[in-house]
Amino acid sequence: MIFNPEYECMDEEARKKLQFARLKNLVEKLYADVPFYRKKLDAMELTPQDIGSLEDIARLPFTIKDDLRETYPYGLLACPLAEIEEVHMSSGTTGIPVVDAYTKKDIETWGEAMARTLAGAGGSRNDTVQNCYGYGLFTGGLGAHYGAKTLGANVIPMSAGNTQRQLMVMQSFGSTILTCTPSYALFMAEEAEEAGIDLKQLPLNKGCFGAEPWSENMRREIESLYGMHAYDIYGLTEIIGPGVAFECEAQAGLHINEDLFYPEIIDPATGKVLPDGEKGELVFTTLTKEGTPLLRYRTRDVTFLRRDRCSCGRTTIRMNRLFGRTDDMLIIRGVNVFPSQIEQALIEIEGTDPHYLIVITRGSNHLDEVELQVEVKREFFSDETKNLESLRTKIETVMKSKLMIGVKVKLVEPKTIERSMGKSKRVLDKREI
Ligand code: DLL
């Protein structure tokens with residue numbers, strides 16, 4: 001089901017017109033009400049009148065995470081504080097958090113964006129959403145909650161954790177949609193197996209997973225363990241939280257809610273806008289936000305955009321599943337490596353589970369050393385040592401050819417790598433540089 005065909009299936013010309021009108025409005029508002037942006041525009045000798053077309057967006061300044069940190073908590077507010085209804089913060093554990101402040105209308109927009117997301121996965125008012133994203137300052141819990149309500153579905157506000165109870169609720173309430181991080185979905189499946197619960201027999205038939213990188217391999221794993229369709233959903237606190245982009249039933253890229261969030265891809269080194277199809281840093285401008293609207297926010301997420309039509313009937317631009325982040329790119333012995341590349345390489349190797357940890361150290365010879373801990377499927381672990389050794393060598397060979405660096409592989413027993421209920425940690429960088 002398409003939740004809002006008027007906006008999701010809009011003809012391209014009409015959408016561009018709408019985006020331009022909203023952009024113009026936004027720039028006027030920021031210039032008038034947010035001293036931070038007024039200063040930036042003045043410094044570039046730009047006024048709202050200079051924005052005469054949608055393409056002129058490229059003339060506007062970027063906003064970066066440090067701008068948000070430096071103005072913490074309310075420096076970027078574009079409305080009186082009395083109009084703010086709710087605040088959320090980024091889930092990062094280090095540094096000053098970034099704040100998103102929502103007016104009543106912003107919360108409604110968020111509900112709409114997330115209702116479109118759940119509908120993209122085939123959800124409707126007949127569904128029961130078991131929402132295991134964390135409630136609180138993190139945007140996952142309440143974002144999915146508002147979306148389920150706007151859709152008219154029944155929402156069970158579980159939050160993350162207490163896995164035994166999650167499994168009990170899943171069975172007794174007959175939940176049909178699961179919303180959580182992909183790593184928590186896998187963790188719950190392991191616990192279910194242990195408890196002798198066959199998830200495939202339950203009514204649960206779709207899931208909306210995001211907030212962290214995951215791969216096609218993990219998707220296939222989740223789909224087969226639960227007997228469900230698993231969809232990728234994307235968003236970030238600074239822009240609204242979840243609801244920025246979502247996969248539809250075609251599972252072929254994530255539809256961006258571009259009437260609300262205007263996307264661009266730039267070269268992270270030069271800031272130049274790149275054409276559709278080219279990989280670079282994703283940038284968003286919030287087109288309708290009232291509380292903390294942002295101009296050209298650099299997400300640091302790496303992907304590309306595609307404008308070809310989707311079989312689902314939506315006309316919105318799609319972004320590819322993320323390749324990684326410009327800032328979590330690892331530089332190992334001078335080679336750029338994204339953790340997602342390691343995961344991709346693991347896909348091709350039978351016998352491994354999608355649980356891994358990359359441990360980086362700097363040896364006494366000052367060279368970086370990488371140990372890749374990989375969980376092995378239970379059947380494999382009980383096999384002969386000879387088979388384990390050949391699996392280990394195989395992974396090392398594949399990594400060497402894909403990443404161009406040597407990686408020491410350590411095979412570990414199932415369930416030894418720490419599980420996460422929220423965002424999982426894949427990299428342990430012990431280098432002291
Ligand atoms: O993670 C919002 C969210 C909640 C999205 C629930 C989806 C579901 P933050 O905590 O601000 O917000 O983290 C945002 O997480 O810039 C990406 O790097 C990463 N991320 C989010 N979704 C995905 C995804 C929420 N589907 C940051 N795939 C973003 C890969 C993702 N990475």
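All heavy atoms count here, side chains included; hydrogens, waters and symmetry mates do not.
Not counting sequence neighbours, the partners of E55 by the side-chain contact (heavy atoms from CB on, under 4.5 Å) test are S53. Annotation: ring pair (Phe, Tyr, Trp, His ring centres under 6.0 Å) contacts of Y102 (sequence neighbours excluded): H88, W110. For K65, the salt bridge (charged side-chain N to carboxylate O under 4.0 Å, His left out) partners two or more places apart in sequence, or in a different chain, are E238. Remark: A189 engages L199, L225, Y226 in a side-chain contact (heavy atoms from CB on, under 4.5 Å) (not counting sequence neighbours). Residues passing the side-chain contact (heavy atoms from CB on, under 4.5 Å) test with E85, sequence neighbours excluded: K104, I107. Partners of T270 according to the side-chain contact (heavy atoms from CB on, under 4.5 Å) rule, which considers only residues two or more places apart in sequence or in another chain, are D267, K272. With sequence neighbours excluded, the residues satisfying salt bridge (charged side-chain N to carboxylate O under 4.0 Å, His left out) with R219 are E216, E247. With sequence neighbours excluded, no residue forms a salt bridge (charged side-chain N to carboxylate O under 4.0 Å, His left out) with E249. Residues satisfying the ring pair (Phe, Tyr, Trp, His ring centres under 6.0 Å) criterion with F36, sequence neighbours excluded, are absent altogether.
Rounding to the nearest 0.5 Å gives a distance of 9.0 Å between CG of L411 and CG of L372. To the nearest 0.5 Å, atoms CD1 (I342) and CD (Q344) are separated by 11.5 Å. Atom CG of L137 is separated from atom CD of E86 by 9.5 Å, given to the nearest 0.5 angstrom. With rounding to the nearest 0.5 angstrom, the CG atom of L118 is 7.0 Å from the CD1 atom of I233. Separating the CZ atom in R392 from the CD1 atom in I349 is a distance of 12.5 Å, to the nearest 0.5 Å. With rounding to the nearest 0.5 angstrom, the CG atom of L76 is 3.5 Å from the OG1 atom of T71.
Annotation for C312 and H255: closest pair SG-NE2, 3.5 Å, computed over non-hydrogen atoms. Across all their heavy atoms, V337 and Q341 have their closest contact at CA-OE1, 3.4 Å. Residue Y184 comes nearest to M421 through the heavy atom pair CE1-SD, 3.3 Å, listed as atom of the first residue, atom of the second, then distance.
Atom CZ of R125 is surrounded by 12 or fewer heavy atoms from other residues, nucleotides or ligands within 6.0 Å. In this structure, K377 places its NZ atom where more than 12 heavy-atom neighbours from other residues, nucleotides or ligands lie under 6.0 Å away. Other residues, nucleotides and ligands place more than 12 heavy atoms under 6.0 Å from the NZ atom of K29.
Contact check for I265 versus L282: side-chain heavy atoms found under the 4.5 Å cut-off. Side-chain contact between Y262 and L295 is absent, with no heavy atoms from C-beta onward closer than 4.5 Å. Contact annotation: the side chain of I51 never approaches that of I57 to less than 4.5 Å [non-hydrogen atoms, C-beta and beyond]. Side-chain contact check for P354 versus L346: every heavy-atom pair is 4.5 Å or farther apart. At least one side-chain heavy atom of L60 sits under 4.5 Å from a side-chain heavy atom of L41. For the pair L68/Y297, a side-chain contact is recorded, criterion being any heavy-atom separation below 4.5 Å from C-beta on. Here the side chains of C180 and Q166 are not in contact, with every heavy-atom distance at 4.5 Å or above. The side-chain heavy atoms of D56 and D50, taken from C-beta on, include no pair separated by under 4.5 Å.
In this structure, R419 forms no cation-pi arrangement with F187, as its terminal cationic atom is not both closer than 6.0 Å to the ring centre and no more than 45° off the ring axis. Annotation: cation-pi geometry satisfied between R426 and Y356 (NZ/CZ under 6.0 angstrom from ring centroid, within 45° of ring axis).
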**Item:** Test side chain to side chain contact (heavy atoms under 4.5 Å, CB included) applied to F20 and K16, step by step
**Value:** CA-CA 6 Å; F20 173 61; K16 279 195 165 157; over 6 Å; no
**Item:** Stepwise side chain to side chain contact (heavy atoms under 4.5 Å, CB included) check, R298 with I266
**Value:** CA-CA 9 Å; R298 293 184 59 160; I266 60 159; 3.7 Å; yes
**Request:** Test side chain to side chain contact (heavy atoms under 4.5 Å, CB included) on V409 and T393 and set out the steps.
**Result:** CA-CA 8 Å; V409 170; T393 326; over 6 Å; no
**Message:** Show, in sequence, the C-alpha distance, side-chain angles and deciding distance for K289 and T109, and conclude whether the side chain to side chain contact (heavy atoms under 4.5 Å, CB included) test is met.
**Reply:** CA-CA 8 Å; K289 207 166 166 191; T109 305; over 6 Å; no
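Checked against R15 for a side-chain hydrogen bond (donor to acceptor under 3.5 Å, both in side chains), the options D259, T316, T315 give a single hit: T315. When each of N257, I2, T150 is checked for a side chain to side chain contact (heavy atoms under 4.5 Å, CB included) with R116, only N257 meets the rule.
Ion pairing between K400 and E396 fails under the 4.0 Å rule for side-chain N and carboxylate O. Between K394 and E348 there is no salt bridge, since none of the side-chain N atoms of the basic residue sits less than 4.0 Å from a carboxylate O of the acidic one. Ion pair K408/E369 not flagged as a salt bridge, since none of the NZ, NE, NH1 or NH2 atoms sits closer than 4.0 Å to an Asp/Glu carboxylate oxygen.
At a cut-off of 3.5 Å, with distance as the only test, a side-chain donor of D100 or T292 sits close to an acceptor on the other residue. Side-chain contact, T103 with D106: a donor N or O sits under 3.5 Å from an acceptor N or O.
Applying the salt bridge (charged side-chain N to carboxylate O under 4.0 Å, His left out) test to every pair with at least one member in residues 305-317, sequence neighbours left out, gives these pairs: E8-R314, D276-R307, R306-D308, D308-R318. Residues in residues 114-135 take part in these ring-ring contact (aromatic ring centres under 6.0 Å, His included) pairs, two or more places apart or across chains: Y135-H145.
With hydrogens and angles ignored, the 3.5 Å screen pairs no side-chain donor or acceptor of T163 with any backbone N or O of M188. No donor-acceptor distance shorter than 3.5 angstrom exists from the side chain of K24 to the backbone of G52, with no hydrogens or angles considered. For E375 (side chain) and I417 (main-chain N/O), a donor-acceptor pair under 3.5 Å exists by modelled atom type. T303 places a side-chain N or O within donor-acceptor distance of the main-chain N or O of N320, the cut-off being under 3.5 Å.
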Give every donor-acceptor pair under 3.5 Å between a side-chain atom in residues 205-215 and any protein atom, sequence neighbours left out.
residue	atom	partner	partner atom	Å
K206	NZ	D127	OD1	3.4
E212	OE1	S183	OG	3.3
E212	OE1	S424	N	2.6
E212	OE1	S424	OG	3.0
E212	OE2	S183	N	2.9
E212	OE2	S183	OG	2.6
W214	NE1	D232	OD1	2.8
S215	OG	N217	N	3.4
S215	OG	M218	N	3.2
S215	OG	E343	OE2	2.6

